[in-house]
Protein chains: 2
Amino acid sequence: MNAYNPQDKVLLAVDCIIFGFDNEDLKVLFVKRDFEPEKGNWSLIGGFLKKEETLNDAANRILHNLTGVNDIYMEQFYTWSNIDRDPVERTISTSYYAIINIQEYNEKLTEHHNAKWFSLTEAPHLIFDHNEMLAKATRRLRRRTSISPIGFGLLPEKFTMRQLQKLYESILDKKLDKRNFVNKIKSMDILIKLNEKDMTSSTKGSYLYIFDQEKYDAKQTNDFYLKL
Amino acid sequence: MNAYNPQDKVLLAVDCIIFGFDNEDLKVLFVKRDFEPEKGNWSLIGGFLKKEETLNDAANRILHNLTGVNDIYMEQFYTWSNIDRDPVERTISTSYYAIINIQEYNEKLTEHHNAKWFSLTEAPHLIFDHNEMLAKATRRLRRRTSISPIGFGLLPEKFTMRQLQKLYESILDKKLDKRNFVNKIKSMDILIKLNEKDMTSSTKGSYLYIFDQEKYDAKQTNDFYLKL
DNA sequence: ACAAAAGTGTTAGAACTACACCCATGC
DNA sequence: GCATGGGTGTAGTTCTAACACTTTTGT
């Protein structure tokens with residue numbers, strides 16, 4: 001009964017939900033699938049697990065091949081196993097979500113692979129159970145950003161308070177009060193205010209900040225806990 | 001490159017962390033493994049995914065075979081894929097944690113299978129990466145009990161405030177103030193106080209409560225959020 | 001009468017929410 | 001000079017945390 005039975009072997013896939021932020025909206029990256037079945041339809045970025053790699057390795061490989069990006073925040077969040085989720089063959093899929101700075105991704109590679117950014121609110125119909133994956137990833141991202149500062153990974157290195165607020169607004173999908181937001185962020189004391197302004201968004205210009213990783217680490221606590 | 005390649009098929013296992021509560025301590029159920037490798041060593045309850053079932057089905061089947069229990073709270077939380085995690089053969093394992101009322105589990109079945117409850121704090125060395133699984137499951141359980149009332153699944157139907165407090169104390173691994181705890185629970189308004197006392201724990205006796213599922217559902221909100 | 005656990009409220013401090021005006025600059 | 005987005009503080013309310021004594025009853 002408890003036996004290593006080769007009959008029960010299955011194919012394992014990895015699918016990645018890639019979140020980006022363009023100062024307006026939370027975005028997600030999809031590709032036009034280039035093989036059957038469902039060739040030509042929108043899909044998450046995915047691929048099969050190879051014999052000699054871990055799921056994390058596979059997720060990084062797949063993401064790297066598509067975008068050229070390395071060393072970004074990635075988290076595994078669920079494994080999907082409905083019998084008929086893939087009509088060709090029994091395939092189990094483990095999904096990851098990743099957070100990338102949209103300015104850094106390699107535009108050529110994504111275009112070459114028929115990839116396209118969509119607003120989260122305008123996601124198209126996706127193949128298989130990928131819409132479900134997206135929904136779960138979004139919920140997880142929401143919860144995660146409340147307890148960990150991973151959100152900063154979506155921003156350029158230097159950013160304004162306004163960008164940060166828009167980012168949180170688009171992740172949480174609600175409007176926040178400007179003053180309360182700034183007060184709360186400042187009270188956390190994990191940002192460094194630069195003597196430098198971003199002049200692109202207004203005539204007055206707005207101060208740029210950078211995330212202070214050292215200060216954050218020094219707090220060595222998991223209670224970032226940004227309740228918004 | 002993106003191909004259905006039979007070479008890459010792997011075995012998929014399911015391992016379950018089963019939490020119970022005996023009015024003193026949070027407990028976890030382990031079994032003595034009865035096949036090679038590592039035969040005779042402590043292990044999580046687990047088994048292999050069969051061709052025609054989902055991971056959820058497999059987890060329920062495995063748990064049912066061992067304990068006779070059905071329809072309990074179970075949640076998938078991570079899939080483990082280190083190349084050498086199982087020395088015999090490449091095996092990926094998806095882990096679940098389950099929450100059961102320790103009084104209801106079928107004692108004969110567990111004894112027959114060499115299963116044994118351990119205090120969470122006294123867990124033995126487990127095979128493969130099972131100690132890691134346990135640690136992750138414990139963290140997940142902690143977070144989950146803060147935002148959802150699944151903890152009640154660990155208690156008998158009727159329970160005292162003191163039992164409930166001890167349960168939360170052992171899940172969160174910290175002492176709580178009796179008065180603050182009662183006030184907070186009462187303010188949630190999801191318990192029904194019975195006109196019945198439990199006389200086993202003191203001469204005075206303490207009131208019994210039951211969880212009011214209807215009231216909880218009626219609040220139809222996810223903000224249970226018990227900050228302790 | 002005493003031991004053992006149950007039950008019960010108040011208060012000070014912290015955190016959260018709501019809210020409105022002036023500033024700097026490019027046009 | 002005016003339109004645009006940037007920046008800032010306070011007061012009322014709610015939530016949290018700390019804290020000690022009385023009740024009941026079996027022995």
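Note that the structure is predicted; figures quoted are calculated from it, not measured.
- Partner A:Gln165 forms a side chain to side chain contact (heavy atoms under 4.5 Å, CB included) with one of A:Leu176, A:Ile185, A:Thr160 and no other, that one being A:Leu176.
- Between B:Phe159 atom CZ and C:dA6 atom P the separation is 15 Å, expressed in whole Å.
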At under 4.0 Å between heavy atoms, how does the protein contact nucleotides 22-27 of chain D? Give one character per nucleotide, 5' to 3', with B, S or -. -BBBS-

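- For B:Tyr207 and B:Asn195, the side-chain atoms include no donor-acceptor pair closer than 3.5 Å.
- The stretch residues 173-184 of chain B touches DNA chain D through B:Asp177, B:Arg179, B:Asn180, B:Lys184, each having a heavy atom under 4.0 angstrom from the strand.
- Nucleic acid contact for B:Lys193: sugar-phosphate only, since backbone atoms but no base atoms lie under 4.0 Å from a heavy atom of the residue.
- A donor-acceptor contact shorter than 3.5 Å is absent between the side chain of B:Asn82 and the backbone of B:Arg85.
- A donor-acceptor contact shorter than 3.5 Å is absent between the side chain of B:Asp25 and the backbone of B:Ser119.
- Per the geometry, CG belonging to B:Leu164 stands 13 Å off P belonging to C:dA6, to the nearest Å.
- Listed by chain and number, the residues in a salt bridge (charged side-chain N to carboxylate O under 4.0 Å, His left out) with A:Lys166 are A:Glu24 (sequence neighbours excluded).
- Computed from coordinates, the B:Lys186 NZ to C:dG9 P distance equals 8 Å when rounded to whole Å.
- Between B:Arg162 and the phosphate of C:dA6, there is a side-chain N or O to OP1/OP2 separation shorter than 4.0 Å.
- Sorted by first and then second residue, the salt bridge (Lys or Arg N to Asp or Glu O under 4.0 Å) pairs with a member in residues 149-160 of chain B read B:Lys158-B:Glu196; sequence neighbours excluded.
- For the pair B:Asp198 CG and C:dA6 P, the interatomic distance rounds to 9 Å; values are reported in whole Å.
- The salt bridge (Lys or Arg N to Asp or Glu O under 4.0 Å) analysis of residues 112-122 of chain A, with sequence neighbours excluded, yields no pairs.
- The separation between B:Glu196 atom CD and C:dA6 atom C1' is 17 Å, rounded to whole Å.
- A:Arg142 is linked by a salt bridge (charged side-chain N to carboxylate O under 4.0 Å, His left out) to nothing, counting only residues two or more places apart in sequence or in another chain.
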